[in-house]
Amino acid sequence: MSTPIHKVTILGSGPAGYTAAIYAARAGLEPVLYAGGPAEHDPSRVPGGQLMITTDVENYPGFPEAVTGPELIERFQKQAERFGTVVHLENITAVELARRPFHLTSESRGKVLTETLIVATGATAKWLAVPGEVQYRNRGVSACATCDGAFFKGMEVLVVGGGDTAMEEASYLAKLASKVTLVHRRDSFRASKIMQHRVLKNPKVSVVWDSVVEELLGDGKSFTGARVRNVKTSEVRTLHAGGLFVAIGHRPNSELFENFLETTEAGYLKTVAGSTRTELEGVFVCGDVADPVYRQAVTAAGTGCMAAIDAERFLVEHGR
């Protein structure tokens, strides 16, 4: 029995992947979406991506009363399936993009053939890997100030990191929180000078230098503070706060494609300006795996729409 050749295969089940699926399905392209599956060694990479570890989402249009991250993903999936998307809750473990149709390998279905591929595998936040972090994640501990900062209005918060991301988070939170304390393991920031200056001159921001977070504390329900250690003096102290934001970067989930697609130094997949196309015809990229800047559900969804339209146009142009 011959292996069927799909017109569109989508890898990833966040806002980008499901939006691409909705548009592709409504265009009659019968997309197949591989949502991923529980990863034993990386529990943050589960179907639905980062929204699955997000509680209330208040900034996605159309939900004035807020919606939980998992509920939003569930709605995305139901909408995609309503138009005919076939969703497989498993991972693609290998890709061969040097021949057409593209050859993929799934965990249980073996060989998968497709005319076009939409990569929407997202990115994973880097965490501290200290005691208490998992327990209080989404209970005062976050990796996205733009997503969750509004929950901490008038409160004291901590930001961990020293790069541009940490500076951006601290500047944003200073508009909402009563006080922002930056915890950095060195005696100087790695961030650009202009970003550093903006933070250091802000009267609501203070810095704890040469220090690392060793444990996140709480009352069993919510985060209440962090135990930090000075790397030079070994002094340990507790910083009390209502929230903590980990700002040490993200890791794009692009490992599968490194031998076929061009990436930035940080591993984000590159696209042709103004589109979701890559240098490899028939492969399109959307969402956080190509976005080190915005990393929002709504921007990811927008590029998912673009990817589906780009794939449809490619198929039409090539008579497929």
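All figures in this text were calculated on a predicted structure; none of them were measured in a lab. Start at 1 with the first residue, then count along the sequence.
- Applying the salt bridge (charged side-chain N to carboxylate O under 4.0 Å, His left out) test to every pair with at least one member in residues 267-292, sequence neighbours left out, gives these pairs: Glu262-Lys270.
- Side chain of Ser254 to backbone of Gly267: a donor-acceptor contact under 3.5 angstrom is found.
- Remark: Arg100 is positioned above the aromatic ring of Phe102, its terminal NZ or CZ atom under 6.0 angstrom from the ring centre and at most 45 degrees off the axis.
- When atom types are taken as modelled, the side chain of Thr93 and the backbone of Thr105 share a donor-acceptor pair closer than 3.5 angstrom.
- The number of heavy atoms from other shown groups lying within 6.0 Å of NZ (Lys179) does not exceed 12.
- Residue Glu30 places its CD atom among 12 or fewer non-hydrogen atoms of other residues, nucleotides or ligands, all under 6.0 Å distant.
- No chain of hydrophobic side-chain contacts below 4.5 Å, direct or via other Ile, Leu, Val, Met, Phe, Trp or Tyr residues, connects Val8 to Met306.
- Checking side-chain atoms of Thr116 against main-chain N and O of Lys7 turns up a donor-acceptor pair under 3.5 Å.
- Distance alone, capped at 3.5 Å, places no donor-acceptor pair between the Thr9 side chain and the Leu117 backbone.
- Between the side chain of Tyr136 and the backbone N or O of Gly220 there is at least one donor-acceptor pair closer than 3.5 Å.
- Two different hydrophobic clusters hold Leu29 and Ile309 under the rule that ILVMFWY side chains link at heavy-atom gaps under 4.5 Å.
- In this view, Ser142 and Asp148 satisfy the side-chain hydrogen bond (donor to acceptor under 3.5 Å, both in side chains) rule, not counting sequence neighbours.
- With contacts defined as side-chain heavy-atom distances shorter than 4.5 Å, the pair Phe76/Pro15 qualifies.
- Formation of a donor-acceptor pair under 3.5 Å by the Asp164 side chain with backbone atoms of Ser192 is found in this model.
- In terms of modelled atom types and a separation under 3.5 Å, the side chain of Thr278 and the main chain of Val283 share a donor-acceptor contact.
- Checked options Glu235, Glu215, Glu214; the residue passing with Arg229 is Glu214 (criterion: side-chain hydrogen bond (donor to acceptor under 3.5 Å, both in side chains)).
- In this pair, Tyr34 and His88 present their aromatic rings tilted. The plane angle is within the 30 to 60° band.
- Open room surrounds NE2 on His197; 12 or fewer heavy atoms of other groups in view lie less than 6.0 Å from it.
- Neither Trp127 nor Val212 shares a network with the other; the hydrophobic side chains, linked directly or stepwise wherever heavy atoms of I, L, V, M, F, W or Y lie under 4.5 Å apart, form separate groups for each.
- Looking at Leu158 and Phe223, their side chains come closer than 4.5 Å, going by heavy atoms from C-beta outward.
- Judged purely by atom type and a 3.5 angstrom limit, Gln296 uses its side chain to pair as donor or acceptor with the backbone of Tyr294.
- Looking at Gln50, its side chain does come within 3.5 Å of a backbone N or O of Ala123 through a donor-acceptor pair.
- Nearest heavy-atom pair across Ala20 and Ala308 is O-CB, 3.4 Å.
- Side-chain N or O atoms of Thr19 include none that pairs as donor or acceptor with a backbone N or O of Ala16 at under 3.5 Å.
- In the hydrophobic clustering, Val205 connects to Phe151, Phe152, Met155, Val157, Val159, Met167, Leu173, Val180, Leu182, Phe189, Ile194, Met195, Val199, Leu200, Val207, Trp209, Phe245, either directly or through intervening members, whenever side-chain heavy atoms lie under 4.5 Å apart.
- Taking hydrophobic clusters as Ile, Leu, Val, Met, Phe, Trp and Tyr residues chained together by side-chain heavy-atom distances below 4.5 Å, Val141 shares a cluster with Leu128.
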